[in-house]
Amino acid sequence: MSENDYGFETLQVRAGYKPENHNYSSSVPIYQTTAFNFGDTKRLGRLYSLQEEGFYYTRIANPTTEVLEKRIAALEGGTAAIAVASGMAAITYTLINVAECGGEIAAVKTLYSGSFNLFNHILPRFGIKVRWIEDSYDIESFRKAITPNTKAIFAESIGNPSISILDIEAVAKIAHENDIPLIVDNTLASPYLLNPIKYGADIVVHSATKAIGGHGAAVAGVIVESGKFNWGNGKFPQFTELDYSVQNRNIYEIFPLTAFTTRIRFRYLSDFGAAISPFNSYLIIQGIETLAVRVKQEVETTEEIVKYLSKHPKVSWVRYPSLQNDRNNKLAKKYLSKGSGTIFTFGFKGDQTAINNFINNLKLFSFVANIGDSKSLIVQPAVATHGTLSVEDRNNAGAFPEALRLSIGLEKAEDLIADLSQAFDKVM
Ligand code: PLP
């Protein structure tokens with residue numbers, strides 16, 4: 001049986017690691033080192049001319065981080081992955097790698113605020129423009145946002161905090177009809193609930209800080225490629241021109257199945273430098289080992305909490321795709337058969353003072369601008385994570401003034417419901 005035949009649960013504890021290559025260490029060792037000895041000058045020559053694979057400087061590659069990269073690639077069904085210092089670094093490197101030299105990106109407007117700000121304020125100053133897709137449910141609007149200069153479509157598989165689901169298959173088809181890749185931020189779903197590559201996505205990015213790491217202990221990001229996109233189709237000369245970072249050779253020709261992440265490694269990770277520390281790679285690997293069991297349990301608890309909130313008199317609405325009346329229900333049935341995730345929003349009936357009282361009276365939920373932790377979290381996106389956006393953009397992203405976002409962890413469902421209940425009672 002080859003690694004490709006193993007199920008998710010096996011891959012999450014085994015993929016990408018061969019103990020015999022690491023002194024038979026049972027646990028993945030932390031290679032806490034800046035540099036690796038070249039050995040001798042001949043070997044240095046072989047490493048730098050790409051005749052031999054090996055490590056020489058942790059900013060570019062590290063054996064602990066390599067295990068993380070291989071494991072995530074296996075869990076997402078990609079040919080390769082690259083790990084970087086944060087989810088935002090993963091998104092930034094992905095976008096500049098695909099659209100450098102003044103390209104455009106067609107992006108869904110309901111994005112995590114960091115990504116929205118990157119598109120809206122930062123990338124344009126570096127010559128990369130965004131064309132917003134206002135309504136991700138209107139599939140034709142993706143086609144309309146594409147111009148001859150568009151280099152990719154970018155969207156979240158589950159929007160944060162809009163909790164809208166992307167019709168990946170339909171959007172990938174439009175991207176491919178236009179010879180451009182579909183890039184999906186799969187953070188909220190996690191590789192356990194959804195593999196966008198299966199449905200035609202070409203690049204998948206994650207904030208591994210969230211469900212993948214799963215314990216709120218380390219910031220990290222990963223980029224995965226499908227290995228199927230044709231970077232030699234004429235729209236992406238950066239992949240086929242002679243490249244200083246690979247000895248003046250053609251990167252797509254040398255690495256046809258891993259050109260996207262290889263190019264990021266040798267250029268952007270190497271020279272912009274947002275490298276993940278080996279210790280953080282280790283923490284994320286530890287998290288991955290229990291990804292399936294954690295997310296499965298958290299989804300069950302989430303469903304119980306959603307049921308409780310849906311009937312509560314102080315709640316005006318609940319946005320969770322598994323709910324029959326949710327706009328995303330049909331898409332959830334297609335893309336999220338193992339559950340609609342552990343993050344959702346609900347509308348609080350009451351003014352800002354009541355919302356503040358409710359949050360301040362919670363004892364178990366942590367008041368934190370994060371998601372995907374093993375501890376349950378609450379935040380009001382409009383005043384925290386999405387506070388820098390205009391009111392219109394906030395509402396567009398689902399960060400309505402009354403919206404509270406919950407991220408459900410591993411506590412007992414009854415205890416979480418009791419906590420919400422006592423906090424509601426204090427503001428009734
Ligand atoms: N993508 C999504 C969907 C997110 O929710 C976040 C952070 O909340 C990020 C990317 C950025 O990740 P990081 O905080 O690891 O930089």
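Keep in mind that the numbers below use all heavy atoms, side chains included, and drop hydrogens, waters and symmetry copies. For ligands, and for the atoms within them, numbers begin at 1 and follow the listed sequence.
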message: Check for me whether Lys173 meets the cation-pi criterion with Phe142, that is, NZ or CZ under 6.0 Å from the six-membered ring centre and within 45 degrees of the ring axis.
response: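 Judged by the rule, Lys173 and Phe142 form no cation-pi pair.
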Pi-cation contact, Phe358 with Lys426 (under 6.0 Å, within 45°):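 Lys426 over Phe358 ring: no.
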task: Report yes or no: do Asp167 and Tyr137 form a side-chain donor-acceptor pair below 3.5 Å?
output: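 Their side chains do not contain a donor-acceptor pair, so the 3.5 Å distance test is not met.
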Give the atom numbers and elements of ligand 1 that come within less than 4.0 Å of a heavy atom of [X].
{"X": "Thr209", "answer": "13 (P), 15 (O)"}
{"X": "Lys210", "answer": "6 (C), 7 (C), 8 (O), 14 (O)"}
{"X": "Ile91", "answer": "10 (C)"}
{"X": "Glu156", "answer": "3 (C)"}
{"X": "Ser86", "answer": "15 (O), 16 (O)"}
{"X": "Ile371", "answer": "5 (O)"}
{"X": "Met88", "answer": "11 (C), 12 (O), 13 (P), 16 (O)"}
{"X": "Ala220", "answer": "15 (O)"}

Minimum-distance protein heavy atom relative to [atom]:
{"atom": "atom 4 (C) of ligand 1", "answer": "Tyr112 CG, 3.5 Å"}
{"atom": "atom 10 (C) of ligand 1", "answer": "Asp185 OD2, 3.6 Å"}
{"atom": "atom 5 (O) of ligand 1", "answer": "Asn160 ND2, 2.9 Å"}

query: For atom 13 (P) of ligand 1, which candidate among Gly87, Ser157, Gly114 provides the closest heavy atom?
result: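 Considering heavy atoms of Gly87, Ser157, Gly114, the nearest to atom 13 (P) of ligand 1 sits in Gly87.
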Evaluate whether atom [atom1] of [X] has more than 12 neighbouring non-hydrogen atoms of other residues, nucleotides or ligands under 6.0 angstrom away.
{"X": "Glu392", "atom1": "CD", "answer": "no"}
{"X": "Arg131", "atom1": "CZ", "answer": "no"}
{"X": "Lys129", "atom1": "NZ", "answer": "no"}
{"X": "Lys307", "atom1": "NZ", "answer": "no"}

message: Quick check for you: to the nearest 0.5 Å, what is the distance between Ile276 atom CD1 and Glu69 atom CD?
response: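 Ile276 atom CD1 to Glu69 atom CD measures 8.5 Å (nearest 0.5 Å).
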message: Side chain or backbone, does Leu188 bring an N or O within less than 3.5 Å of an N or O on ligand 1?
response: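 Between Leu188 and ligand 1 (N or O atoms, distance only) the closest approach is not under 3.5 Å.
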task: Give yes or no for whether the N/O distance cutoff of 3.5 Å, strictly under, is met between Val219 and ligand 1.
output: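 In fact, backbone or side chain, Val219 has no N or O that close.
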- request: Answer whether the closest heavy-atom distance between the side chains of Val224 and Ile203 falls below 4.5 Å.
  value: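 When only atoms from C-beta onward are counted, Ile203 and Val224 do not touch, as no gap falls below 4.5 Å.
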